[in-house]
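Read the structure below first, then the notes.
Below, chains carry the letters A, B, ... as their sequence lines are ordered, and counting in each starts from 1.
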Amino acid sequence: MSDLLLSADQLTCIREDRILFDQLSFEVTAGELIQVEGPNGAGKTSLLRILAGLSRPYDGRVNYKQQDITQVREEFYNDLTFIGHLAGVKSELSAEQNLAFNLQLQNDDTTGLEQALDQVNLTGFEHAPAAFLSAGQNRRIALARLWQSHSKIWILDEPFTAIDKTGVEKLERLFIHHIDNGGCVILTSHQDIQIGAQRLKRITLDYNFE
Amino acid sequence: MSDLLLSADQLTCIREDRILFDQLSFEVTAGELIQVEGPNGAGKTSLLRILAGLSRPYDGRVNYKQQDITQVREEFYNDLTFIGHLAGVKSELSAEQNLAFNLQLQNDDTTGLEQALDQVNLTGFEHAPAAFLSAGQNRRIALARLWQSHSKIWILDEPFTAIDKTGVEKLERLFIHHIDNGGCVILTSHQDIQIGAQRLKRITLDYNFE
Amino acid sequence: MNQPLSYWQTFSIVLMRDLKVAVRNKGDVFNPLIFFVIVITLFPLGIGPEGNTLTRIAPGIIWVAALLSALLSLERLFKNDYSDGSLEQMLLSPQPLFIMVFAKVLAHWILTGIPIILAAPLLALLLQLETNAYGAMLATLALGTPILSLIGAIGVALTVGIKKGGVLLSLLILPLYIPVLIFATGAIEAAALGLPYSGHLAIIAALLVGALTLAPFAIGAALRVSTN
Amino acid sequence: MNQPLSYWQTFSIVLMRDLKVAVRNKGDVFNPLIFFVIVITLFPLGIGPEGNTLTRIAPGIIWVAALLSALLSLERLFKNDYSDGSLEQMLLSPQPLFIMVFAKVLAHWILTGIPIILAAPLLALLLQLETNAYGAMLATLALGTPILSLIGAIGVALTVGIKKGGVLLSLLILPLYIPVLIFATGAIEAAALGLPYSGHLAIIAALLVGALTLAPFAIGAALRVSTN
Amino acid sequence: MHFANFNDFIDMGGYAFFVWLSYGCAFFLIISLTVVSVRRRKSLLREIQSKQQRDEKLKQLRKGKNSNEPKT
Amino acid sequence: MWKWLHPYAKPERSYQLASTLLPWFSVLSITTLLIGIIWALGFAPVDYQQGESYRIIYVHVPAATLSMSVYMAMATAALVSMVWQLKLADAAAAAMAPIGAVLTTIALITGAAWGKPMWGTWWVWDARLTSELILLFLYLGIIALHNAFDDKVLAGRAAGILTLVGVVNIPIIKYSVEWWNTLHQGATISKLDKPSMSTDMLLPLLVNILGFVLMIGAITLIRFRNEVIARNAMRPWVKELIAKELK
Ligand code: HEM
Ligand SMILES: Nc1ncnc2c1ncn2[C@@H]1O[C@H](COP(=O)(O)OP(=O)(O)OP(=O)(O)O)[C@@H](O)[C@H]1O
Ligand SMILES: Nc1ncnc2c1ncn2[C@@H]1O[C@H](COP(=O)(O)OP(=O)(O)OP(=O)(O)O)[C@@H](O)[C@H]1O
Ligand SMILES: [Mg+2]
Ligand SMILES: [Mg+2]
């Protein structure tokens with residue numbers, strides 16, 4: 001494999017004495033779109049947070065380009081964009097200020113904020129505090145970042161939540177564009193993704209009651 | 001119309017000096033399922049909160065059985081179940097305690113909690129504090145209430161958020177059962193609803209830019 | 001449909017739920033008390049351990065500490081309920097709002113007022129309060145702390161929808177706490193000098209009755225406004 | 001990809017953002033100050049208006065009030081960021097955490113410490129502080145309030161993932177504030193008596209240097225643990 | 001006229017600082033409140049106007065977009 | 001009374017009414033205040049006890065007396081808005097709060113500046129002084145709460161509730177502070193007791209009080225108009241107003 005970006009190595013996650021997944025290993029290379037599937041409570045969010053280094057697995061490790069992420073934190077985070085259940089949008093700041101701050105933290109390009117906001121249909125709302133926007137518009141502020149992101153690895157926990165249909169389509173096109181350019185996307189979603197099956201890799205988690 | 005449950009009378013909603021909807025009137029009778037549609041930020045949540053009496057419209061009024069809801073608050077709320085963007089689940093309490101409390105407040109039947117929790121696939125998690133459950137499981141605790149509800153009017157803001165596919169199907173079956181029994185459902189969702197078009201009435205909101 | 005709940009049932013359901021939540025958050029039960037103790041011990045540290053001065057100012061310190069610890073714990077009264085949406089559910093319930101609100105305030109008092117009353121004698125000892133003022137101190141705390149919870153709840157209800165929270169709250173309600181503070185410390189000082197203090201107590205009791213009857217409605221109205 | 005940010009840029013971006021948020025929440029700018037003022041006025045009300053006693057205890061009151069108002073405003077340092085997910089984003093940023101944390105603490109101090117320092121002379125007037133103690137009061141506040149923000153931030157970072165919030169926090173950090181309190185009030189009292197107080201100031205300055213070097217790392221580590 | 005000369009008037013029988021401080025502060029506070037209130041009106045009107053213009057612009061923009069969308 | 005008021009419950013009408021009244025109030029208040037202040041500073045006789053410092057009374061007393069009247073007016077407006085659901089009453093209350101706060105501040109500053117030469121200290125914990133300070137806090141609380149809401153209508157209602165709760169407390173605060181003060185301090189400051197004034201001292205004071213009332217009226221009208229505009233930004237008449245005024 002030429003372009004191995006991220007690999008999970010024997011990950012085990014135990015929550016409240018329940019084994020969510022055990023010795024889970026997989027690899028993510030450039031050009032892959034991975035959907036983590038499973039019913040509610042299967043452990044998707046837990047897996048994504050472990051992959052992003054936000055929580056520690058009970059056992060096993062996560063490697064970024066063959067190196068443990070806790071060793072190469074700075075390089076890894078420079079190459080990672082994570083959007084979780086919480087959007088990371090400050091309700092006091094405007095859409096534009098929020099986006100600029102998030103991009104700067106990530107060493108991303110902050111020219112062309114307006115185009116990015118236009119992509120997520122927030123033209124006209126750039127300067128209103130996020131508190132004045134709807135649930136979906138708040139998620140859109142967080143997602144606008146993706147259009148400016150230079151990082152290869154995108155980890156997205158239910159990115160389509162609260163987004164309307166045209167928005168979902170636009171996001172899907174962006175994902176394809178991203179993996180075509182050598183990136184990878186790891187996401188969860190309970191909605192079906194309209195991307196050709198050959199491009200989509202699935203990781204299925206299930207209740208481990210056996 | 002024999003069974004007029006709820007009617008909106010010339011509702012106007014203005015947020016941040018933008019008119020979301022103007023002079024909106026419609027009626028909801030028993031046996032109807034109404035989907036409020038529109039892109040992000042169109043005003044769906046605002047409309048549902050006005051219908052439930054949680055916020056006041058800029059102009060116009062909402063009637064429950066021909067009477068202004070602010071006049072007949074007690075009867076109306078006895079006949080209403082509202083689940084919003086926030087689930088109303090206390091993370092310190094267990095699923096069972098949460099459900100029991102919500103049902104009691106609503107004068108609903110509190111025998112058979114376990115069946116209700118089983119309906120939403122929470123068997124085995126009844127006694128764990130909600131903080132230990134996943135995003136979808138938390139929503140499920142809130143939704144479990146619907147199986148025990150005696151109220152006719154259900155107002156649900158994006159009830160399918162974070163719910164997996166089998167969960168969504170089950171909910172749709174429940175909605176049909178409810179309207180067959182003389183209830184009505186008003187909901188928003190960005191996902192398509194698999195209910196025969198003849199039973200579904202749509203209210204479409206859009207940006208008022210024309 | 002079940003039988004509608006009686007007022008008393010509604011009251012006890014809400015009360016029990018709030019107590020349950022507090023017990024699950026073990027900290028909630030002890031923290032106001034510990035804050036009270038810490039604030040009181042800060043004073044000898046800040047002022048110097050001289051006995052005379054401490055005895056003079058002991059009533060004031062005890063009451064100011066009680067006030068601040070009520071204040072600090074008030075946030076939790078509605079804020080958590082607001083941010084997880086269960087306040088919304090209460091507003092949408094057919095049960096009368098003022099009863100639910102009253103139950104919540106009572107739960108707050110049980111969790112903050114009572115521990116303070118129980119701990120006060122010990123702390124008075126540390127501050128070398130005059131021996132014959134203990135009775136007055138306990139009586140004023142018993143009558144006064146419920147007023148703190150009731151009036152405080154109005155402030156919390158008004159600010160519950162606002163991000164700023166904490167500090168705005170104190171600006172709103174501390175001025176309203178001043179009469180309680182003055183009468184209560186007055187009573188304790190009178191008792192320390194061996195003077196009668198039943199007049200002060202009567203006034204505090206009157207304030208309590210007033211707060212009990214008016215506050216629940218004000219709180220309810222405030223909640224409906226600030227969750228709009 | 002853009003040029004990575006320099007330390008200084010990261011620092012100023014985070015600082016400016018926190019100040020912007022505070023200015024939007026107009027209240028955030030004035031409220032800690034107003035709390036400070038109100039707490040200070042509570043004491044004369046609780047203790048009685050007698051000038052002599054007030055003068056004796058003025059340094060203690062001013063410092064206890066400063067401590068409490070720092071404490072009450074601390075919550076906002078990380079809590080809001082945690083609950084809207086932006087703390088998570090900061091932890092996932094390639095920028096060094098201790099710098100971002102340091103910028104946040106500085107913003108907190110600018111918004112609470114500086115107003116308190118500016119208002120203190122006026123309040124000292126109300127409490128009839130000895131005239132020759134003003135200099136010492138200002139010096140101790142200038143050196144001491146940053147320590148309050150730095151140490152407080154450790155406590156907030158540790159409790160940010162926990163629902164209980166407020167009161168647990170005070171339990172954690174008030175004990176750590178005690179040394180500052182003792183040396184600061186000691187210095188003011190010495191100055192009031194016309195004694196030299198540079199020794200006390202030196203100790204507070206040493207505490208400040210210690211806190212400045214160690215706290216940002218402690219805060220960063222605490223954040224990683226408590227958001228796990 | 002109560003005062004013999006202008007200097008006496010300014011001196012206020014030795015209480016100049018306190019008297020003029022009082023009058024000065026009162027004057028300053030009232031005038032600033034008035035000025036702030038009067039200016040607020042203009043800025044309010046301007047705010048509303050700019051919002052209206054923004055809405056207008058958006059209307060055009062969206063119309064353009066909606067007619068484009070089906071083609072792409 | 002209600003019938004007479006009713007047409008003015010419409011925002012547009014009350015805006016127009018405020019606009020017609022404003023010039024009258026402005027002109028009258030400025031002339032009255034000018035007369036009063038020149039009289040007070042230059043022509044009123046000197047007080048044999050306090051010397052010229054007593055001239056502070058001519059700002060101190062109007063500001064102090066009216067600081068409380070403004071609060072009562074706000075409370076009345078809040079009550080009206082609550083009982084009759086009259087939204088404009090909230091706007092009036094909101095318009096008055098900053099004025100009350102400014103008056104209270106003036107009373108405090110002038111009082112302190114008078115206290116220094118008379119009592120030798122800027123501040124004592126006297127009953128009146130203390131309750132005036134608490135009144136300032138009440139005002140600041142109401143203003144802060146009002147600013148904390150983004151929606152003007154909600155802000156008005158929330159501030160109204162607080163105002164009403166505060167009005168219940170004002171007599172209690174006043175009473176408690178007075179009572180508290182006398183217990184500790186046997187000898188009260190006798191100079192605060194109303195001195196029996198000679199008419200040539202009293203007259204300019206009355207003129208000044210009238211001037212302050214008119215001035216409060218004028219500023220209230222200015223601010224009231226702003227509040228009405230802010231609450232009706234979407235109405236056509238505001239659009240017309242904008243079209244007329246900003247060209
Ligand atoms: C910070 C200091 C002071 C404050 C806050 C203050 C406050 C007040 C207040 C609230 C009133 C209004 C009474 C009412 O209408 O019920 C008042 C009236 C008055 N004050 Fe002051 N005062 C202060 C200092 C002084 C000083 C130093 C003097 C004179 C030596 C003084 C002389 C008067 C007089 C003569 C009145 C009018 C009395 C009356 O009509 O009842 N005040 N003051
Ligand atoms: N608290 C608020 N203050 C001011 N304006 C608001 C507020 N909440 C919403 N708005 C405005 O109202 C509009 C509609 O919001 P609403 O939440 O009703 O949208 P929605 O249709 O539910 O959208 P979504 O699909 O994203 O949930 C938003 O565009 C926003 O500009
Ligand atoms: N903070 C926590 N403490 C203890 N257990 C937890 C915690 N969070 C989650 N769990 C447990 O881990 C399991 C998996 O949670 P997770 O959030 O990963 O699920 P998920 O697959 O993302 O579900 P959803 O589709 O609902 O988002 C849950 O069933 C829950 O029991
Ligand atoms: Mg999840
Ligand atoms: Mg919505």
Engaged part of C:Val225 at the chain B interface, taking heavy atoms whose separation is under 4.5 Å: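 Contact with chain B involves no heavy atom of C:Val225 at all.
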Taking [Y]'s backbone N and O only, do any of them form a donor-acceptor pair with [X]'s side chain (distance below 3.5 Å, no angle check)?
{"X": "C:Asp84", "Y": "B:Leu86", "answer": "no"}
{"X": "C:Gln89", "Y": "B:Phe82", "answer": "yes"}
{"X": "C:Ser93", "Y": "B:Leu105", "answer": "yes"}

Taking atom [atom1] of [X] and atom [atom2] of [Y], what is their separation to the nearest 0.5 Å?
{"X": "B:Leu54", "Y": "C:Asn228", "atom1": "CG", "atom2": "CG", "value": "8.5 Å"}
{"X": "B:Lys90", "Y": "C:Asp18", "atom1": "NZ", "atom2": "CG", "value": "7.5 Å"}
{"X": "B:Asn78", "Y": "C:Leu92", "atom1": "CG", "atom2": "CG", "value": "12.5 Å"}

4.5 Å side-chain heavy-atom contact, B:Glu74 and C:Gln95: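 Contact flag for B:Glu74/C:Gln95 side chains = no.
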Selection from B:Asn138, B:Val89, B:Asn98 maximising heavy-atom pairs under 4.5 Å formed with chain C: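 Answer, by heavy-atom pair count under 4.5 Å with chain C: B:Val89.
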B:Glu114 atom CD, over 12 foreign heavy atoms within 6.0 Å: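 No.
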From B:Gln106, B:Glu75, B:Arg73, residue fulfilling side chain to side chain contact (heavy atoms under 4.5 Å, CB included) relative to C:Pro94: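 With C:Pro94 as partner, side chain to side chain contact (heavy atoms under 4.5 Å, CB included) holds for just one option, B:Gln106.
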Per-residue contact mode, [X] against chain C (heavy atom under 4.5 angstrom):
{"X": "B:Arg56", "answer": "both"}
{"X": "B:Leu93", "answer": "side chain"}
{"X": "B:Gln97", "answer": "side chain"}

From CA spacing to verdict: side chain to side chain contact (heavy atoms under 4.5 Å, CB included), B:Phe101, C:Met90: CA-CA 10 Å; B:Phe101 179 72; C:Met90 277 189 229; 4.2 Å; yes
Ion pair check, C:Lys20 and B:Glu92, cut-off under 4.0 Å: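 Salt bridge flag = no for B:Glu92 with C:Lys20.
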